[in-house]
Amino acid sequence: MAGSRLWVYAVILLALLVGGVYGYTWYSNNDSNNPLSGTSSTNTQTTSQSLKGHVESITKPPSEFSGPTYTREIPELKIIVTLSNSSVKIGETLWMKISLIGENAYSVKKLRINIMNSEGQKVYDTYVWLHHRTLTPGNETPHEETYNIAWKATNHPSANIDITPGNYTIIIKTNINGEEVTVKGIVEVVE
């Protein structure tokens, strides 16, 4: 039985590495010294992730996010997205701090992140599964969750569109209680 589980994990890992994994989250929960990181579909507990040819090197998120902030609010959920900078150089990493606030913050299980160039072409598209801490009996459901997500401004093989200087639209979507919630923002890509 244990051998068959190991085989399944090996196949999943191989599929992820062959297909490319691009999402990266850093769970902060208001404690920047408590990393829970990994890819969009695994629970790898490391502070950096290296996938040759895809995400060469991702470091910790910056201590200060000085870019613009974009917000969307519906009953019982507010999503606040703050960019690490208002621009990113081609080949470098842009961080997005995503705060979920309200009674439904803990109910958000995944985010879909799309990035479109100025011609409306999708240059990046991924789902990020959110890691929530386990609640023990008697604990209240948290009303605030914060995640940092990285995008490396390079050609994404699934889109196969070169990243060139210009304005890019970041679209972050989630579904909560059957309602789609979308936050949009702009980042400038420079040489």
Side-chain angles (χ1 to χ4, degrees), residues 12-27 36-44 48-59 61 65 67-72 74 77 79-100 107-132 145-176 178-190:
I12 291 171
L13 180 60
L14 180 62
L16 288 172
L17 291 174
V18 170
V21 179
Y22 303 96
Y24 180 93
T25 60
W26 183 281
Y27 174 77
L36 175 63
S37 61
T39 63
S40 59
S41 55
T42 67
N43 289 326
T44 306
S48 66
Q49 186 71 33
S50 177
L51 298 168
K52 186 176 178 184
H54 301 297
V55 179
E56 292 176 9
S57 177
I58 292 182
T59 58
F65 282 65
T69 296
Y70 304 100
T71 304
R72 176 72 201 279
I74 63 169
L77 180 65
I79 302 175
I80 303 170
V81 178
T82 303
L83 305 182
S84 56
N85 292 298
S86 58
S87 66
V88 61
K89 289 184 178 181
I90 294 173
E92 293 189 351
T93 300
L94 174 75
W95 285 92
M96 296 166 269
K97 180 182 287 188
I98 301 175
S99 295
L100 308 170
S107 299
V108 176
K109 302 299 181 206
K110 67 180 175 182
L111 298 171
R112 183 172 187 176
I113 301 171
N114 293 314
I115 300 179
M116 314 282 277
N117 65 17
S118 59
E119 296 173 14
Q121 298 168 311
K122 192 180 296 182
V123 299
Y124 184 77
D125 183 10
T126 192
Y127 283 93
V128 178
W129 298 96
L130 303 181
H131 304 281
H132 293 290
E145 301 277 330
T146 300
Y147 302 88
N148 292 328
I149 299 173
W151 170 57
K152 190 166 184 180
T154 57
N155 184 313
H156 188 286
S158 68
N160 202 26
I161 296 172
D162 290 332
I163 303 298
T164 58
N167 287 330
Y168 286 71
T169 303
I170 299 169
I171 304 166
I172 299 172
K173 295 182 180 184
T174 191
N175 262 304
I176 191 75
E179 180 178 355
E180 184 175 89
V181 183
T182 303
V183 180
K184 291 185 180 182
I186 301 290
V187 66
E188 182 183 13
V189 174
V190 297

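Predicted model only: the values in this text are computed from it and were never measured.
Not a single salt bridge (Lys or Arg N to Asp or Glu O under 4.0 Å) links K89 to another residue, sequence neighbours left out. By the side chain to side chain donor-acceptor pair (under 3.5 Å) test, T82 is found to be paired with T69, residues two or more places apart in sequence or in another chain being considered.
When all heavy atoms of T174 and V108 are compared, the pair lying nearest together is OG1-CG1, 3.3 Å. Contact between V88 and E92 at its shortest, heavy atoms only, is CG2-O, 3.7 Å. Taking all atoms of both residues into account, the shortest heavy-atom contact from T154 to G91 is CG2-CA, 3.5 Å. A pairwise comparison of heavy atoms in Y124 and H156 identifies CD1-CD2, 3.2 Å as the closest pair.
Side-chain N or O atoms of Y70 include one that pairs as donor or acceptor with a backbone N or O of I186 at under 3.5 Å.
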Less than 3.5 Å apart, which donor and acceptor atoms pair up between the side chains of residues 116-123 and the rest of the protein, not counting sequence neighbours?
| from | atom 1 | to | atom 2 | distance (Å) |
| --- | --- | --- | --- | --- |
| N117 | OD1 | E119 | N | 3.0 |
| N117 | OD1 | G120 | N | 3.2 |
| N117 | OD1 | Q121 | N | 2.9 |
| N117 | ND2 | Q121 | OE1 | 2.8 |
| K122 | NZ | D125 | OD2 | 3.4 |

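A side-chain contact (heavy atoms from CB on, under 4.5 Å) with I115 holds for exactly one of I163, V187, I170, I172; it is I170.
No side-chain heavy atom of T126 sits less than 4.5 Å from a side-chain heavy atom of W151. Using a 4.5 Å cut-off on side-chain heavy atoms (C-beta onward), N148 and F65 make contact. A 4.5 Å side-chain heavy-atom check between N167 and T169 finds every atom pair outside the cut-off. Side-chain atoms of V81 and T71, non-hydrogen and from C-beta on, never get closer than 4.5 Å to each other.
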